[in-house]
Asker: 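Once you've had a glance at the structure underneath, I'll fire off some questions.
Remember, it's a predicted structure, so these values are computed and weren't measured experimentally. Each chain gets a letter, A, B and so on, in the order its sequence line appears, and its residues count up from 1.
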2 protein chains.
Amino acid sequence: MTVTSVHDPSHREALWELEDAFERGDLVSLFGRCTVSYEGRAASDLGAGDRLVVLKPDGAALVHTDEGRQPVNWQPPGSEHRAAVREGRLRVRSTRSNPDETLTISFDRVHQLSAMAVTGGRNLTLHGSEEDLRTRVLERPDLVEPGFEPRETERPSSAGPMDVFGVDADGNPVVVELKRRRVGPDAVGQLARYVRALEEELGAVGGDASPAVRGILVAPSVTDRAADRLADRGFDHVALDPTSEE
Amino acid sequence: MTVTSVHDPSHREALWELEDAFERGDLVSLFGRCTVSYEGRAASDLGAGDRLVVLKPDGAALVHTDEGRQPVNWQPPGSEHRAAVREGRLRVRSTRSNPDETLTISFDRVHQLSAMAVTGGRNLTLHGSEEDLRTRVLERPDLVEPGFEPRETERPSSAGPMDVFGVDADGNPVVVELKRRRVGPDAVGQLARYVRALEEELGAVGGDASPAVRGILVAPSVTDRAADRLADRGFDHVALDPTSEE
DNA sequence: CAGTGCATCTCGATC
DNA sequence: GATCGAGGTGCACTG
């Protein structure tokens, strides 16, 4: 493991180190006083201040202040980093196309620059996602309601794929929408689109009156407004979360 | 400006530097080989690998690999960082409550540690947001359609605040939903909720038959499915983006 | 490539 | 504190 690190470099020194780091495919961390400007999907300007700049070998660029989980400015992966010294300032520019976007970071001083080769070790195992909730529902359909039988997951429809499609104890078609956390009215709208699409499809196929398609929203909880909309549509809510035991 | 920087520190040295940095309210950048585990809203484990860890004085923690704009693991602002040496490893733990969440980073080696005081300079001026689009519509209502008169922004309704409320040339009430970029069916659902809420409100107030409430979606463009849904509901789409001249 | 929906989404405003 | 909607959302997956 090789880490390159320079303290209070001149712009020239910083430039060399940056170009070497880009060449090697290193991950770069830069402390310094800079201004930042962005132009692309939107446009922004950030006045002078001390920040942490991260440049990744996959083209991602991050500008972090002392606050927030989100970078104050950034460039997505797939961008290209370039560095130059212009008018006594170290300029780092990251560009991409589709959409055309440019992030320009202009340092009047670099306090610290580090670069390290960072490869592999990206395998994250995550639990508690919507997929886990689906797994629970498929293993224990009775948790949705007694007699519920899942028939298909990601079932296609004209409104997009529905999470779980099945039938209830009376043989009625059921659309289940899964959400890993408390939901608002938007989730009910999503469920309604799937139910409507399925009603049209079954009605069209059968030729006679559309069969009653039920909608069930499986989520830990729902907001008041979502509950109202569920009631309006005649949908059910089943309280279930991805991790709980029973 | 003071930057503290240590190369290949022992765990003890790294611990001292970390505790000092936390004390001073510095922003910390840490290169090293580590494992990461998270438990809270979900749970995850990340095997050993070289990563960049950023610890902010506001409590945010970020674990970055060589790829992606997103950190592979993180902790939101408001968390508390603590460091300790346990069983020959440097352990950095960030915890918060509501919800209870813990991020644990365990280093078997620290390659590089830097800390810097980073304050202020967070004022970003951004152009091209939905608010800019609203400003355009209010200054040039004819861009929506000739004779359109905005009456209110963020007008409250039982379905939440609508972006712009106004009347058309014939005096019909109009709900305008603004989107800064190309939209899918969800935006139509949002607009439909506002229109329905307003219809119920005006119908209830007037006592007689509900007046015709129009819905207009202002966005650069819409997907096919969104266009279908707009047509279903009888809503209009006006092509407009936040930045264009005309 | 665009479209669609999930996310430990984050973040700010508002109630 | 909960709710709601915007975001330069990012991101994976599908057609």
Side-chain angles (χ1 to χ4, degrees), chain A residues 38-44 60 62 67-78 96 98-103 124 126-134 154 156-157 159-163 177-187 189-190 193-194 221-226 242-243, chain B residues 38-44 60-63 67-79 96 98-103 124 126-134 154 156-157 159-163 177-187 190 193-194 221-226 242-243:
Chain A
Y38 155 76
E39 181 134 10
R41 285 167 291 178
S44 73
L62 311 169
E67 287 189 343
R69 211 218 62 142
Q70 298 296 123
V72 64
N73 273 121
W74 71 93
Q75 196 71 303
R96 72 155 176 168
N98 203 322
D100 280 333
E101 290 190 300
T102 304
L103 180 72
L124 184 78
L126 181 70
H127 314 280
S129 61
E130 183 178 297
E131 194 179 337
D132 290 292
L133 182 55
R134 184 174 62 197
E154 302 297 321
S157 80
M162 48 194 77
D163 287 339
E177 175 64 27
L178 305 170
K179 293 293 170 189
R180 66 175 302 280
R181 62 170 205 171
R182 183 174 175 83
V183 296
D186 52 332
Q190 199 180 337
R193 294 210 303 279
Y194 297 143
S221 60
V222 302
T223 67
D224 288 351
R225 224 172 255 172
T243 53
Chain B
Y38 155 75
E39 181 133 11
R41 285 167 291 177
S44 74
L62 311 169
V63 181
E67 287 189 344
R69 209 215 67 141
Q70 297 298 124
V72 65
N73 274 120
W74 71 91
Q75 194 72 300
S79 311
R96 71 155 175 167
N98 202 339
D100 279 334
E101 290 190 300
T102 304
L103 180 72
L124 184 78
L126 181 70
H127 314 281
S129 61
E130 183 179 296
E131 194 180 336
D132 290 293
L133 182 55
R134 184 174 61 195
E154 303 297 324
S157 81
M162 47 194 76
D163 287 339
E177 175 65 26
L178 305 170
K179 292 292 171 192
R180 66 174 303 279
R181 61 173 204 173
R182 182 174 175 84
V183 296
D186 51 333
Q190 199 180 336
R193 293 209 304 277
Y194 297 145
S221 59
V222 302
T223 67
D224 288 351
R225 269 219 266 267
T243 53

Asker: Measuring only between side-chain heavy atoms, which start at C-beta, is B:V222 closer than 4.5 Å to B:R182?
Answerer: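 No, side chains not in contact.
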Asker: Mind listing the closest non-hydrogen atom pair of A:A226 and A:V183 along with its distance?
Answerer: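 Reported closest heavy-atom pair: CB-O, 3.9 Å.
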Asker: I need the OH-P distance between B:Y194 and D:dC4, as an integer number of Å.
Answerer: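 After rounding, the reported distance stands at 10 Å.
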Asker: Answer with base, sugar-phosphate or nothing: what part of the nucleic acid does A:R134 contact at a heavy-atom distance below 4.0 Å?
Answerer: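 Counting heavy atoms under 4.0 Å across all strands, no contact is made by A:R134.
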Asker: What's the shortest heavy-atom distance between B:S44 and B:N73, and which atoms?
Answerer: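 Here B:S44 and B:N73 meet closest at OG-ND2, 3.1 Å.
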Asker: Any side-chain N or O of B:Q190 under 4.0 Å from OP1/OP2 of D:dC4?
Answerer: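 False: B:Q190 side-chain N/O out of range (4.0 Å or more) of D:dC4 OP1/OP2.
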Asker: With sugar-phosphate meaning primed atoms plus P, OP1 and OP2, does B:A159 contact a base, only sugar-phosphate, or nothing at under 4.0 Å between heavy atoms?
Answerer: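 The residue B:A159 makes sugar-phosphate contact but no base contact.
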Asker: Determine the Euclidean distance between corresponding C1' atoms of D:dA6 and C:dA7; express it in Å to zero decimal places.
Answerer: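 Those two atoms are separated by 15 Å.
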Asker: In whole angstroms, how far is the P atom of C:dG5 from the CG atom of A:D186?
Answerer: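 About 11 Å, once rounded to whole Å.
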Asker: Within less than 4.0 Å of OP1 or OP2 of C:dA2, is there a side-chain N or O belonging to B:T223?
Answerer: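 Indeed not, no polar side-chain atom of B:T223 lies that close.
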Asker: Check this for me, if you would: do A:R193 and A:E177 make a salt bridge, where the nitrogen-to-carboxylate-oxygen distance has to be below 4.0 angstrom?
Answerer: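 Looking at A:E177 together with A:R193, the answer is no, because their closest N to O distance does not fall below 4.0 Å.
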Asker: Please work out if A:E177 contacts a base, only the sugar-phosphate, or nothing of the nucleic acid, heavy-atom cut-off 4.0 Å.
Answerer: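 Sugar-phosphate contact only - A:E177 comes under 4.0 Å of backbone atoms but never of a base.
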Asker: For D:dT9 and D:dG5, measure between their C1' atoms and round to the nearest Å.
Answerer: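 These two C1' atoms come out 13 Å apart once rounded.
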Asker: Using whole Å, what does the distance between atom P of nucleotide D:dG15 and atom CG of B:D224 come to?
Answerer: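 From B:D224 CG to D:dG15 P: 17 Å.
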Asker: Could you tell me how far D:dC11 sits from D:dG7 if I compare only their C1' atoms? Round to whole Å.
Answerer: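 14 Å, rounded to whole Å.
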Asker: Of the nucleotides D:dA2, D:dG5, D:dG7, which has the atom closest to the B:E130 side chain?
Answerer: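 The closest nucleotide is D:dG7.
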Asker: Over how many whole Å does the gap from A:N98 atom CG to D:dG10 atom P extend?
Answerer: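 Nearest whole value for this atom pair: 13 Å.
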Asker: Charged N to carboxylate O under 4.0 angstrom, B:E101 versus B:R96?
Answerer: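 B:R96 and B:E101: salt-bridged.
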Asker: Return the value, rounded to whole Å, for the distance between atom CD of B:E131 and atom C1' of D:dG7.
Answerer: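 That distance rounds to 14 Å.
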Asker: Per the side chain to side chain contact (heavy atoms under 4.5 Å, CB included) rule, which among B:R180, B:E130, B:R181 passes with B:P242?
Answerer: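 Considering B:R180, B:E130, B:R181, a side chain to side chain contact (heavy atoms under 4.5 Å, CB included) with B:P242 is found only for B:R180.
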Asker: Given atom CG of A:D163 and atom C1' of C:dT4, what is their separation to the nearest angstrom?
Answerer: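 The answer, rounded to whole Å, is 12 Å.
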Asker: Could you measure between the two C1' atoms, the one in C:dC6 and the one in C:dT10, and give it in whole Å?
Answerer: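 About 15 Å, rounded to a whole number of Å.
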Asker: How does protein reach along nucleotides 8-15 of chain C, written 5' to 3' as B (base within reach of a heavy atom under 4.0 Å), S (only sugar-phosphate), or - (no contact)?
Answerer: BSSS----
Asker: C:dA7 C1' sits how many Å from A:D132 CG, rounded?
Answerer: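 It works out to 13 Å between those atoms.
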Asker: So, do B:P77 and A:R69 sit near enough that their side-chain heavy atoms are less than 4.5 Å apart?
Answerer: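 They are in contact (side-chain heavy atoms under 4.5 Å apart), so the answer is yes.
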Asker: Round to a whole Å and report the spacing from CD of A:E154 to C1' of D:dA12.
Answerer: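 Answer to the nearest Å: 12 Å.
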